[in-house]
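In what follows, chains carry the letters A, B, and so on, assigned in the order in which the sequence lines appear, proteins first and then strands, with residues in each chain numbered from 1.
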Number of protein chains: 2
Amino acid sequence: MNQLADHAESRKGRARRLGKNGDGAERHEAIYRSISDAIIEHRLRPGARLREDALAEVFGISRTGIRKILQRLALEQLVTLTPRRGASVTRPTADEAKDVFDARQMVECGLMPEVARRITEADLRELRDMACREREALRTGEQSTAIKLSAAFHERLARLSGNATLAEFVGRLCSRSSLILAVYGSPGHLGCESHDHDDLIGYLEAGNGERAAAFMSRHLKAIEASLSIVEEVDEAPDLHRIFGH
Amino acid sequence: MNQLADHAESRKGRARRLGKNGDGAERHEAIYRSISDAIIEHRLRPGARLREDALAEVFGISRTGIRKILQRLALEQLVTLTPRRGASVTRPTADEAKDVFDARQMVECGLMPEVARRITEADLRELRDMACREREALRTGEQSTAIKLSAAFHERLARLSGNATLAEFVGRLCSRSSLILAVYGSPGHLGCESHDHDDLIGYLEAGNGERAAAFMSRHLKAIEASLSIVEEVDEAPDLHRIFGH
DNA sequence: GGCACCGGTTACGTATACAATTGAAGCGTG
DNA sequence: CACGCTTCAATTGTATACGTAACCGGTGCC
């Protein structure tokens, strides 16, 4: 529950009198990113409760602002808002996991031809840089960083298609994928193989959208296949199944 | 601005003491639907301002609840939240319109094969009923109803794929499409041709997913082509361009 | 006569206070 | 000894109050 403690940085001092420096909106955005990152990087595990009071104190704003942020996270399905129980990090079901990966399959693969058509030298450089940093993070064992970079890579790729709506959608799917990995992923193995992204960049550089799409399809299938989807039965749910009824 | 008046129904009486009958959450949902419907049905036109006080009074809840709802609408891009200026119905740009229809092209067409595979007799009956009601609304000149039914038809179709994530995405795209039609649509002609949906149902009934997808593609292209996308220049933006700067 | 400055007013942003509901522990009873 | 009831604490839901920034008049000056 104190996994957010690293963000306290004694902000309570300035919290008392806020609003004179017009950083209101940016501050909210920063807090949103903090929580979002913490979830995506698995520093907040699925099921973790997010009490409004605690968050409000940690970030030095009142519950009003926190509620706004939690609501936004809920709409992106990163947190679950149970009516009188508060917020907690979403624990995706097996069905949701399948839906998310099916959706990624359709959208990300469908986007590759357009991306291959529009990609520039500068884009390629940036992608290579991201892939490189991701490999580095993997090598040095910085799991959190690697996870975030991987999601960022996929989103960046989608954004190169020029379609902001679909890019944003892919971004959300990637965030949710990170949650899915947290629940169903085998420990140690975290989704994207280290060299996969580099290979993908190669196809895009060659302008071969079809090959890129096919590779992306295999890539996503591989991630999904690496999941061990075993819906753990929580609280004696078999009573109904066991006794006829 | 009083386009919401039909929903007042003198609720102020019970507003004073709320919370004893536990309709809090459902009430919020109802208000959300009211506003959402009003936008989708073009009873609230793009650009219309949505003042928090006014909405709060009309629906008999405090601004707190209204803000929550407006925020949700903003995340679905039905309303635009300008920092110190309040909320207004989103006026989609030409670029957004293109993005939305490209996204629909990819997702809705891509979903057709799976829908054709899973569709049941009951589903077909329901779809036919919806298409019928839509035709009827068109015939009797009830534009608002027709628009909403058309969007509902497309979303329902997507939901038959079994992928909740993609279905929800399609739903949002349809809502935004409705906004786009409000801005760029030619008056009188409102998107889907009256018999198109019936034809589509025919292909699905035959289990021909490929044909259905091809037809959906033409259908969406036809809608997009019917738009008159002329980005009106709003506030003297050409001064810089006109005088060599 | 037009432009710029400037108060008043309106409406949003934030915090805080209160009400209501849920969860769990404690107690009593069958 | 176990089950159910009651009470209490914790936490969210809602409303309201206050501060502050943005619009819109008027007024004075150039």
Atom-pair distance ([atom1] on [X]; [atom2] on [N]), nearest Å:
X        : N       : atom1 : atom2 : answer
Ile31(A) : dG13(C) : CD1   : C1'   : 14 Å
Arg27(A) : dG13(C) : CZ    : P     : 17 Å
Glu29(B) : dG13(D) : CD    : P     : 15 Å
Glu52(B) : dA15(D) : CD    : C1'   : 14 Å
Ile61(B) : dG13(D) : CD1   : C1'   : 12 Å
Arg51(B) : dT9(C)  : CZ    : C1'   : 13 Å
Glu57(B) : dA11(C) : CD    : P     : 11 Å
His28(B) : dT14(D) : NE2   : C1'   : 8 Å

List the residues meeting ring pair (Phe, Tyr, Trp, His ring centres under 6.0 Å) with Tyr32(B), not counting sequence neighbours, and say none if there are none.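 If we apply the ring pair (Phe, Tyr, Trp, His ring centres under 6.0 Å) test to Tyr32(B), skipping adjacent residues, there are no hits.
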
According to side chain to side chain contact (heavy atoms under 4.5 Å, CB included), who are the partners of Ser161(B), at least two apart in sequence or on a separate chain?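 Partners of Ser161(B) by the side chain to side chain contact (heavy atoms under 4.5 Å, CB included) criterion, ordered by chain and then number, come out as Leu111(B), Glu114(B), Val115(B), Asn163(B).
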
So, using side chain to side chain contact (heavy atoms under 4.5 Å, CB included) as the criterion, who are the partners of Ser62(B) when residues are at least two apart? Thr64(B)

Any donor-acceptor N/O pair, Asp123(B) side chain to Thr120(B) backbone, under 3.5 Å: yes

Without swapping roles, check the side chain of His42(B) against the backbone of Ser178(B) for a donor-acceptor pair under 3.5 Å. yes

Between the protein and nucleotides 6-8 of chain D, which nitrogen or oxygen pairs come in under 3.5 angstrom?
none

Set out, in order, the CA-CA distance, both residues' side-chain angles and the distance that settles side-chain hydrogen bond (donor to acceptor under 3.5 Å, both in side chains) for Thr165(A) and Arg176(B), then state yes or no. CA-CA 11 Å; Thr165(A) 297; Arg176(B) 291 178 71 187; 3.2 Å; yes

One pair to check against salt bridge (Lys or Arg N to Asp or Glu O under 4.0 Å): Glu29(B) and Arg72(B). What are the steps and the verdict? CA-CA 11 Å; Glu29(B) 183 69 18; Arg72(B) 180 169 164 193; 3.3 Å; yes

Residue mapping more 5' on DNA chain C - nearest nucleotide basis, Arg85(A) or Asp53(B):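 Checking each residue's closest nucleotide, the 5'-ward one belongs to Asp53(B).
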
Pairs flagged by ring pair (Phe, Tyr, Trp, His ring centres under 6.0 Å) wherever residues 155-178 of chain B is involved - sequence neighbours left out: Phe169(A)-Phe169(B)

Residues within residues 63-84 of chain A bordering DNA chain D, heavy-atom distance below 4.0 Å: Arg63(A), Arg67(A), Pro83(A), Arg84(A)

Determine, stepwise, if the pair Thr80(B) / Thr90(B) fulfils side-chain hydrogen bond (donor to acceptor under 3.5 Å, both in side chains). CA-CA 5 Å; Thr80(B) 301; Thr90(B) 299; 2.9 Å; yes

